[in-house]
*Asks:* 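Sharing a structure below in structure tokens format, with a few things to ask.
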Amino acid sequence: MNDFASDPRFAGIEPFRDKLWLSSPTMHGEEQHWVDEAIRTNWVSTVGENINEIEKQIAAYVGVKHAVALSAGTAALHLATKLAGEKLYGQARPNAGTLAGRKVFCSDMTFDASINPVAYEDGEAVFIDTERGTWNMDPAALEKAFEIYPEVRLVVIAHLYGTPGRMEELKAVCGRHGALIVEDAAESLGAKYLLGGRWVETGALGDYNCISFNGNKIITGSAGGMFLSDSSEDADKVRKWSTQSREAAPWYQHEEIGYNYRMSNIVAGVVRGQIPHLEEHIAGKRAVYERYRAGLADLPVKMNPWDEEKSVPNFWLSCLIVDEEAMCPQVRGESDALYLHEAGKSCPTEILEALAAFNAEGRPIWKPMHMQPIYRTNAFVTAEGNGRGRTNAYIAGGGIDVGADIFRRGLCLPSDNKMTPEQQDRVIDIIHRCFGSKVGI
Ligand SMILES: Cc1ncc(COP(=O)(O)O)c(C=O)c1O
């Protein structure tokens, strides 16, 4: 690691006294009130007014008929995926998943919690490459995947960093092939998409929809998530599965496998205190994004893009991607990375190390799923077709791999909405100095 403190490029930069976070919880005070209320009234378990209220409020905000509060976004995704599997292929035996022997098309550039439920249900994820306009699933690659695997009936789609994917095209491809969609809106609560002339919230765009209240999300419950649906039957089923699948009998009676996935009324109290601040959090994140966009405009980098006609992101994380010509050499192993500084150039590893040296937290772009050791033997489909085995010792070049390219050249910037403009200007200054130029002093 470079010694940034003694590197003349960074002369005069002070480390942040308090760490600048990627995205930390922002509390307002009402959270304490609703948590206290739960304790005062002794409704501290998985039943209570906070749960009822947030289910109502989030369903109304997102524009769905039903919301089921769960212990995590991952739990919501698991039950959504299981519900889809059961709808498509029937109830599984107790020792098997609903997707046993089935392939499922999945977003490739996402957090693994989006797609691990396919494996929990014994299915096999097939990863679909990313398009450059939103950094989400490429509809052309999805179409190719249906050519290769016409039997597939389920697609898991995530909206990365709060930016909606190209849902109109993705839904059209799924519709043509009779496939259901599990929508992972964990990162994108509050983001909207223009569908058929109508603005629709993410979390209302799939057949089975999920959000997260993880500590780093746009609003948090300290933990928690929700399943969202217009179907009362599906919502009732998720509620039942999440509370150990009890039947209507005087004793513990079970016809289905159950889970302990329900949200606690204490966690729901934190969410209840956060909901009134959702719009304010989004406005704060947007201001952070815009400040980076203006402050980095003179560098050979671009910000994470979105479809400006058809979507409004929630700007959860601000990211940048270094132009190819401005990339210094960088290699990444399984758990470490090296780079070689070159004048006028930089790379994610250098920028992240420089930020860390001055006490600011950035993060590499989420490493695509098809590159993860656990999923390296799963199929990967790009806009050109099969994305595996494209190189040849005797022929120059290889296939396209958009996800790998964004991972190589991109990074997530400190995006905390408690960061002051002055602090953010210092981050912008540090990034300039990585490329060998100074601003601000
Ligand atoms: C895209 C995505 N999906 C799913 C999850 C899982 O949510 P949770 O942490 O609430 O289980 C996360 C984040 O944690 C996420 O970023």
Side-chain angles (χ1 to χ4, degrees), residues 21-25 54 58 62 67-82 84 104 106-121 125 127-128 130 134-137 155-165 167 170 181-191 202-203 205-206 208-228 238 242 259-264 266-268 270-271 274 281 285 304 313-319 361 363-370 372 375 403 406-407 410 412 415:
W21 297 100
L22 183 76
S23 181
S24 72
I54 66 165
I58 291 288
V62 175
V68 183
L70 298 168
S71 56
T74 306
L77 282 154
H78 183 189
L79 298 188
T81 304
K82 179 178 167 115
V104 176
C106 296
S107 281
D108 183 51
M109 267 189 51
T110 186
F111 186 58
D112 67 346
S114 303
I115 57 92
N116 281 342
V118 172
Y120 302 165
E121 288 300 310
F127 299 110
I128 309 298
T130 303
T134 72
W135 292 8
N136 285 303
M137 187 186 282
V155 184
V156 180
I157 301 175
H159 307 289
L160 192 71
Y161 304 140
T163 301
M167 289 307 289
L170 292 169
I181 296 175
V182 169
E183 186 194 14
D184 180 359
E187 299 177 1
S188 66
L189 178 62
T202 60
L205 287 161
Y208 308 94
N209 313 308
C210 304
I211 57 172
S212 164
F213 300 115
N214 176 299
N216 64 12
K217 295 297 183 286
I218 192 89
I219 57 170
T220 184
S222 72
M226 271 186 187
F227 171 79
L228 306 175
V238 165
S242 73
Y259 305 84
N260 184 4
Y261 279 177
R262 192 75 163 127
M263 184 185 280
S264 111
I266 303 246
V267 166
V270 181
V271 177
Q274 290 264 290
H281 286 196
K285 294 278 190 182
N304 46 329
N314 70 1
F315 299 93
W316 175 57
L317 290 190
S318 290
C319 307
E361 184 188 32
R363 199 163 286 178
I365 294 297
W366 295 185
K367 184 172 181 174
M369 291 300 115
H370 80 279
Q372 296 288 352
Y375 290 122
I406 296 173
F407 173 61
C412 306
S415 304

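These numbers come from a predicted model, not from an experiment. All residue numbers in this chain count up from 1 along the given sequence. One-based numbering, in listed order, for ligands and for the atoms of each.
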*Asks:* Between W316 and S415, is the side chain to side chain contact (heavy atoms under 4.5 Å, CB included) condition met? List the steps.
*Replies:* CA-CA 7 Å; W316 175 57; S415 304; over 6 Å; no

*Asks:* Report the residue from T81, V156, V155, I115 that forms a side-chain contact (heavy atoms from CB on, under 4.5 Å) with V104.
*Replies:*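 It is V156, the one option of T81, V156, V155, I115 that forms the side-chain contact (heavy atoms from CB on, under 4.5 Å) with V104.
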
*Asks:* If you count only heavy atoms, which residues are under 4.0 Å from ligand 1?
*Replies:* A72, G73, T74, L77, T110, F111, A113, S114, D184, A186, E187, S212, N214, K217, G224

*Asks:* Assess the residue pair K367 and Q372 against the criterion (side chain to side chain contact (heavy atoms under 4.5 Å, CB included)); give the C-alpha distance rounded to whole Å, side-chain angles, the decisive distance to 0.1 Å, and a yes or no.
*Replies:* CA-CA 7 Å; K367 184 172 181 174; Q372 296 288 352; 3.4 Å; yes

*Asks:* Show your working on side chain to side chain contact (heavy atoms under 4.5 Å, CB included) between N304 and W135 and close with a plain yes or no.
*Replies:* CA-CA 8 Å; N304 46 329; W135 292 8; 3.6 Å; yes

*Asks:* With a 4.5 Å heavy-atom cut-off, do L189 and K217 have their side chains touching?
*Replies:* no

*Asks:* Is any side-chain heavy atom of S242 closer than 4.5 Å to one of Y259?
*Replies:* no

